[in-house]
Amino acid sequence: MSDIHVIHAAGGIIYRWVSAHKPIPDDSLPADRAAQQASDASASDTPSSNTPDSNTPASDIHTHDAPDSDTSDSTTPVSQNPADHADDPFAGLELCVVHRTKYDDISWPKGKLETNESLFHAGVREIGEETGIKVGMQSHLQTTEYDLAYEGKSSTKGIKPRGVRKTVDYWIAHPLDDATAQARQNPFGPVYHADENEISDVLWMTPREARQWLTRKCDKELADEFVRRVKNGTAFATTFLLVRHGKAESRKSWSATDDLRPLMPRGAAAAYALSREIACFAPVDLYTSPWKRCADTIGIYAMQSGQSVAEEPRLTEDAFADNPDSAWEALYDEMKHCADTCRAAAVCMHRPVIGGMLDHVRELCIDDSVAKLVPKNNPYMPTGHALALSLIATADGPRIVDIQKVGPIVY
């Protein structure tokens, strides 16, 4: 049996709230889908009410900064704070889909990875190219897989598989405000507009409309999963990056004090490459241990983005050894601020400090399936890598609903 070629792609579901949803122009939709749309509408298992489950507390839903006016069709400003929509988070909620010219289909924005590109970067770039919207990544939503022969098809009946599989990773994403988008532009890199023959239209639909009009079954299932997460309060999580500094000069070869021990050239290269991945999450608040190897690792992203970095002395190796509870208090305060304000954040620390924090981090996980994603064994993560924690604010403090590994691509 011949090897199956796999094409990797990435994309996402972008959300926003508007004061009044505008009808979708008929000429923006596939011409031959009206009958299927009506059939899907009657058969849909999407809840008939826009009201979330009654056991979803307001304290379990929180905010992101409002996107700029050019991302909304509404003439009336609408808060993008999910807490302000807790009574009915589906009221005014819209999701972004694209009408593709080649396939005459409705799909989530997505695209193939370029050479030496991560899934995170490809997802943000492709969303930007196909929609023109600059987004920040949040929780991972789902991975789909299908034969390339089924691309753009609502049914696989009578279609012969080509033996080329396509896997697509999807994230939940939110539009960035102008200042955040501008800050992350340099570390992220250029994003070009899709060819006009590739995307016919960019459409904002209600979750129900998206469920009805999306062409592929797996895309409809993604809509269902997003709705489920809105209901249980986990859809609008904010990213908090735990960063381990890049590879530093060895302790044996370094004659000065440990706080001045610098990055090795390959450690600096990894830190530089990591900044491109950090940019996918667009952190607003940056923190670091003041020791040189940590400050220089996060400093590359700060220099490129023009952002400032707050030093936290309680997160040095010596401070942690003297008072581990104080170190955890410092990190917890940063995580709580991230969840409460919905400002994505990143903190750079040392391996021993990270190891001492992970038991506490595990206790904040919303369930056992997430807790199992917390590294258990030393060294916990490679140098120059990060963990992306997806935080929600609750009455009991921040809770983690997803954990993702983030690594640099150095070549």
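FYI, side chains are in, hydrogens and waters are out, and symmetry mates aren't considered; it's all heavy atoms of this structure.
- Listed by chain and number, the residues in a side-chain hydrogen bond (donor to acceptor under 3.5 Å, both in side chains) with Lys102 amount to none (sequence neighbours excluded).
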May I have the step-by-step check of side-chain contact (heavy atoms from CB on, under 4.5 Å) for Ile127 and Trp108, ending in yes or no?
-> CA-CA 9 Å; Ile127 289 173; Trp108 303 115; over 6 Å; no
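- With a 4.5 Å cut-off on side-chain heavy atoms, Val135 and His174 do not count as touching.
- Contact of the Val370 side chain with the Val401 side chain is not registered, since no non-hydrogen atoms from C-beta on lie closer than 4.5 Å.
- In this structure, the side-chain contact (heavy atoms from CB on, under 4.5 Å) partners of Met264, at least two apart in sequence or on a different chain, are Lys247, Glu249, Arg266.
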Starting from the C-alpha separation in whole Å, work towards a yes-or-no answer on side-chain contact (heavy atoms from CB on, under 4.5 Å) for Ile400 and Phe240.
-> CA-CA 10 Å; Ile400 302 168; Phe240 186 86; over 6 Å; no
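- Taking Ser308 as the reference, nothing meets the side-chain hydrogen bond (donor to acceptor under 3.5 Å, both in side chains) condition, with sequence neighbours excluded.
- Contacts of Ser118 classified as side-chain hydrogen bond (donor to acceptor under 3.5 Å, both in side chains), with partners at least two apart in sequence or in another chain: Glu277.
- Cation-pi geometry between Arg244 and Tyr380 is not satisfied (NZ or CZ under 6.0 Å from the ring centre, within 45° of the ring normal).
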Apply side-chain contact (heavy atoms from CB on, under 4.5 Å) to Met137 and Val406, showing your working.
-> CA-CA 12 Å; Met137 284 296 197; Val406 183; over 6 Å; no
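- Taking a 6.0 Å sphere around CG of Asp26, one finds it holds 12 or fewer heavy atoms contributed by other residues, nucleotides or ligands.
- The backbone N or O of Glu126 sits nowhere less than 3.5 Å from a side-chain atom of Lys110 that would complete a donor-acceptor pair.
- A 4.5 Å side-chain heavy-atom check between Ile133 and Cys96 finds at least one atom pair inside the cut-off.
- Put simply, the side chain of Glu130 never gets that close to the backbone of Arg100: no donor and acceptor are under 3.5 Å apart.
- Residues Ser390 and Gln404 meet the side-chain proximity criterion, which asks for heavy atoms closer than 4.5 Å.
- Pairing each heavy atom of Leu119 with each of Ala10, the nearest pair is O-CB, 3.4 Å.
- To the nearest 0.5 Å, the span separating CD1 on Ile300 from CD1 on Ile278 amounts to 9.0 Å.
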Going by atom type alone, with no hydrogens or angles, which donor-acceptor pairs under 3.5 Å involve a side-chain atom of residues 323-336 and a protein atom two or more places apart or on another chain?
{"unit_1": "Asn323", "atom_1": "OD1", "unit_2": "Asp325", "atom_2": "N", "d": "3.4"}
{"unit_1": "Asn323", "atom_1": "OD1", "unit_2": "Ser326", "atom_2": "N", "d": "3.1"}
{"unit_1": "Lys336", "atom_1": "NZ", "unit_2": "Asp340", "atom_2": "OD2", "d": "2.7"}

Can Val347 and Glu312 be said to form a side-chain contact (heavy atoms from CB on, under 4.5 Å), step by step?
-> CA-CA 9 Å; Val347 56; Glu312 178 46 77; over 6 Å; no
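- How far OG of Ser139 is from CZ of Phe236: 11.0 Å, rounded to the nearest 0.5 Å.
- Applying the salt bridge (charged side-chain N to carboxylate O under 4.0 Å, His left out) test to every pair with at least one member in residues 402-411, sequence neighbours left out, gives no pairs at all.
- In this structure, CG in Leu389 is found 9.0 Å from CG in Leu364, a value given to the nearest 0.5 Å.
- Note: Arg228 CZ to Leu141 CG = 9.0 Å, rounded to the nearest 0.5 Å.
- Partners of Phe120 under the ring-ring contact (aromatic ring centres under 6.0 Å, His included) rule, at least two apart in sequence or in another chain, are Trp171, Phe281.
- Taking the side-chain contact (heavy atoms from CB on, under 4.5 Å) definition, one finds that Asp396 meets it with Thr394, Arg399, sequence neighbours left out.
- Side-chain contact check for Ile392 versus Ile366: some heavy-atom pair is nearer than 4.5 Å.
- Of the listed residues (Val97, Ile14, Thr131), just one forms a side-chain contact (heavy atoms from CB on, under 4.5 Å) with Val202, and that residue is Thr131.
- Side-chain contact between Met349 and Leu242 is present, with heavy atoms from C-beta onward closer than 4.5 Å.
- Ile403 approaches Leu373 most closely through the heavy-atom pair O-CD1, 3.7 Å.
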Check the pair Trp291, Phe320 against ring-ring contact (aromatic ring centres under 6.0 Å, His included), reporting the backbone distance first and the verdict last.
-> CA-CA 13 Å; Trp291 286 13; Phe320 170 71; over 10 Å; no
Evaluate the criterion side-chain hydrogen bond (donor to acceptor under 3.5 Å, both in side chains) for residue pair Thr316 and Asp318; output intermediate values, then yes/no.
-> CA-CA 5 Å; Thr316 68; Asp318 286 352; 5.8 Å; no
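- Shown here is Asn116, whose CG atom has more than 12 heavy atoms of other residues, nucleotides or ligands within 6.0 Å.
- Nearest heavy atom pair, residue Ala344 against residue Cys338, reads CA-SG, 4.4 Å.
- Taking both residues in full, the closest heavy atoms of Ala248 and Arg293 are given as CB-CD, 3.7 Å, listed atom of the first, atom of the second, then distance.
- At least one side-chain heavy atom of His99 sits under 4.5 Å from a side-chain heavy atom of Pro30.
- Distance check, rounded to the nearest 0.5 Å: CD1 of Ile106 to CG of Asp219 gives 10.5 Å.
- Counting heavy atoms from C-beta on, the side chains of Tyr170 and Ile13 never come closer than 4.5 Å.
- Heavy-atom contacts from other residues, nucleotides or ligands closer than 6.0 Å to NZ of Lys166 number more than 12.
- Here salt bridge (charged side-chain N to carboxylate O under 4.0 Å, His left out) pairs that include residues 347-360, with residues two or more places apart or in two chains, are Asp359-Arg362.
- The side-chain contact (heavy atoms from CB on, under 4.5 Å) check on Ala302 picks up Leu286, Val309, with sequence neighbours excluded.
- Residues passing the side-chain hydrogen bond (donor to acceptor under 3.5 Å, both in side chains) test with His21 are Glu94, Glu209, sequence neighbours excluded.
- Looking at Gln304, its side chain never comes within 3.5 Å of a backbone N or O of Asn186 through a donor-acceptor pair.
- Applying the side-chain contact (heavy atoms from CB on, under 4.5 Å) test between Phe188 and each of Lys134, Arg125, Arg276 identifies Arg125 as the sole match.
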Using the side-chain hydrogen bond (donor to acceptor under 3.5 Å, both in side chains) rule, take Asp201 and Ser28 through it: C-alpha gap first, then chi angles, then the decisive distance, then the call.
-> CA-CA 6 Å; Asp201 219 334; Ser28 296; 2.4 Å; yes
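- Within the structure, side-chain hydrogen bond (donor to acceptor under 3.5 Å, both in side chains) pairs that include any residue of residues 278-289 comprise Asp285-Arg343, Ser289-His350 (at least two apart or interchain).
- Contact record, Thr383 with Gly246: CB-C, 3.9 Å, taken as the closest heavy-atom pair.
- Note: Cys294 SG to His245 NE2 = 5.0 Å, rounded to the nearest 0.5 Å.
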